[in-house]
Amino acid sequence: MEVTMVISQTVNAVFVPSLRTKRQSPKASLRKQQKVTSSEFCVLLQSCIEHRSLKKGRELHTLIREAGLERNRDLFPKLLKLYCTCGRVDYARELFDRIPERNLDTITWTAMISGYVGSGASNHALTLFVEMFGLGLEPDSYSFSALLKASADLSLHRLSTCLHSLIVKFGYGSGLSVGNALIHAYSSFGDVCSAQKLFSRMPDRDIVSWSSMIQACTLAKFFAESRTLFSKMQFEEHVKPNEITLVSLLPSCSFFSSLGKGQSVHAYAIRHGFDSNLIVCSALIAMYSRCGDPEAAFKVFNRLKKINIIVWTSMMEGFSINGRFQLVLELFKLMQDQGLKPNSITLIVILSACSHGGLIDEGMRIFEGMQEKFGIVPSTEHHACVVDMLGRGGRLKDAQFFIEKMKIPPTGCVLGSLLGACQVHRNVSLGERLANQLFRLEPYNESNYVILSNIYASVGRWDDVGRVRRLMALKGLTKPIGCSWIELKDKVHVFGAHDRSHPESQRIYGKLEDLSQMIVKAGYVPSTKYIFLDVEEDDKKRLLCSHSERLAIAFGLLKAPPNVPIRIAKNLRVCGDCHDAIKLISKVVARRFIVRDTSRFHHFSQGSCSCGDYW
DNA sequence: CTAGGGTTAG
């Protein structure tokens, strides 16, 4: 409110005197008006743009038109930008179309193009660019920056490379902003190599270049490289990280599932006053949660005074992946009590929490009330959550019925959820039908093949297992190799299944043997149904004992300082038998284990797990 | 008229 008042005062202060001068000597005032007022208008417009004030902006526009300055070279592009940033690209386009093409210059075309990109209508931006190029107008560095963003938004890798060569041709190859836009575009395609090549050749680099390069590494899962860049920028090139740098870096810190790295970034945020920035905080909350420390995440959450929907969603997601499902629902209620409405992503998080927590009735109630209560039309993702919820709870028939009654066509993710449930509940015939449907729908999604092959294996149909595996090979798909890792003293130790490559392998297997004896005494019976290989029972039992997660656990027990929880991460789902075994190990050695799966955490303590064996 | 940012089912 204050802002609009300031603007209107300024408008009056600037405009009223010029109105008065209008009635005096016309010639003198005209000159005066154009010289002084157009730049003053420019400042005012800028202020409307910054505060996204459409109302004041329209008033200003009227004043500008009356002053005969609408088509001023500086003001016209600014007017376009005003409408675009206020969410009215249509007004901007109308204004743009009122001027004959031949009278438009590159700057104006580019303003309109950027406006489309900024409003998420990148396709229109490209169409306009083609028109502009066809008229023989040369794009400038601003045009290229906007176009690169458009090509990134539309996932057009080829277009980005074409633009890159055009950029070089037009002589903008060493420009800072264009370079930054190129890094961003390449990183959005996961093409870190091109981004890195460009970055290393840039004559000038600023905070945006560094942050974008860090972001590129993080997105491509080059986590160690992100961190290296972070220290390099500070200690070798003396560039000061800002909040955006931290947000680009933070996801890298949770990968190894050890807290140290993320904590140091948090400390940096506190030292530099970034710890009340909501975006930094939601990244911190996600980082702590993904390191298996929801309490630390909650501390960050709790000291915020004003919380937006994304921060709430991050916190609820954090509790959810750490198995605190009741807490998720309590927070969800609290959030609504405070007058905040969930968005579509919040509801996915909530439904997924209900699914993983086995809170089926509650979940169904929330799903059914989505539209009426929150005004959100359920998308395929929400439907997939419900299918997962019913399927996980063993209600396969209900899940099938639910899919049949869907008002929108079921996508791969909806059917995939049900296929996953078929694996858990060993339903071969339904699994087969779904898998065949899915192979047509998404032929290159390897997880569907893996699940079907696991379903066959679980009932001993080894010929069919082989058939699915050959089908995968034919399509060039592979099953990811399982491994687990543990970080100790800044070093990551990775283990594969039955791995003997670690220098301390002998001690690890010795420890495993001890542990096996202890848990057998405590009542452990190996469950060979989790071995999806065609081998003898005894071999299966032996294979179970040296799964990668157990090797990492044994190593952790040998090496980690006493009394701290042992944190393990795995790139696949924890095997069900290992899950049983780790529960018992946590009891017999009186130790907490925090194991991260592909999708969630298992907090093992005193013989039980936070997931309640339902996952 | 330019560049980079947080939450998303299996």
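The chains referred to below are lettered A, B, ... by the order of the sequence lines, with proteins before strands, and numbering in each begins at 1. What you see is a predicted model, and the numbers here were worked out from it, not measured in a lab.
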(message) Just to be sure I understand the rule, does Ser212(A) reach a base, reach only the sugar-phosphate, or reach nothing, if contact means heavy atoms closer than 4.0 Å?
(response) sugar-phosphate

(message) Suppose we call two aromatic rings close when their centres sit under 6.0 Å apart. Are Trp109(A) and Phe129(A) close by that rule?
(response) no

(message) Between C1' on dC1(B) and CZ on Phe129(A), what's the gap in Å once rounded to a whole number?
(response) 15 Å

(request) For Arg392(A), answer base if it contacts any base atom (sugar-phosphate contacts may also be present), sugar-phosphate if it contacts only those atoms, and nothing otherwise; contact means non-hydrogen atoms under 4.0 Å. (result) sugar-phosphate

(request) Write down the distance between CZ (Phe301(A)) and C1' (dT7(B)), rounded to a whole number of angstrom. (result) 12 Å

(message) Categorize Leu182(A) for me: base, sugar-phosphate, or nothing, with a 4.0 angstrom heavy-atom threshold over every strand shown.
(response) nothing

(request) Ignoring hydrogens and angles, state whether a donor on the side chain of Asp275(A) or His266(A) is under 3.5 Å from an acceptor on the partner side chain. (result) no

(message) Using a heavy-atom cut-off of 4.0 Å across all strands, would you classify Leu278(A) as base, sugar-phosphate, or nothing?
(response) base

(request) Within residues 344-354 of chain A, find the residues that approach DNA chain B with a heavy atom at under 4.0 Å, and present them sorted by residue number. (result) Ile345(A), Ile348(A), Val349(A)

(request) Look at all strands and tell whether Val386(A) reaches a base, only sugar-phosphate, or nothing, counting heavy atoms closer than 4.0 Å. (result) nothing

(request) Go through the steps to decide whether Met233(A) and Ile207(A) satisfy the test side chain to side chain contact (heavy atoms under 4.5 Å, CB included), and finish with yes or no. (result) CA-CA 9 Å; Met233(A) 72 183 280; Ile207(A) 178 69; 3.6 Å; yes

(request) Give a yes-or-no answer on whether the side chains of Tyr83(A) and Arg93(A) include a donor-acceptor pair shorter than 3.5 Å. (result) no

(message) Quick one about Asp293(A) and Asn322(A) (side-chain donor to acceptor, distance below 3.5 Å, no hydrogens or angles considered), yes or no?
(response) no

(message) Considering every strand and a 4.0 Å limit on heavy-atom distances, what is the contact class for Gly412(A): base, sugar-phosphate, or nothing?
(response) base

(request) Grab the CE-P distance between Met287(A) and dT7(B) for me, whole Å please. (result) 13 Å

(message) Within the 4.0 Å heavy-atom criterion, would you say Cys413(A) contacts the bases, only the backbone, or no part of the nucleic acid?
(response) base

(request) Identify whether any heavy atom of Ser314(A) sits under 4.0 Å from a base atom; if not, whether one sits that close to sugar-phosphate; answer base, sugar-phosphate or nothing. (result) sugar-phosphate

(request) Determine whether Cys575(A) and His579(A) make a side-chain contact, defined as any pair of heavy atoms from C-beta on separated by less than 4.5 Å. (result) no

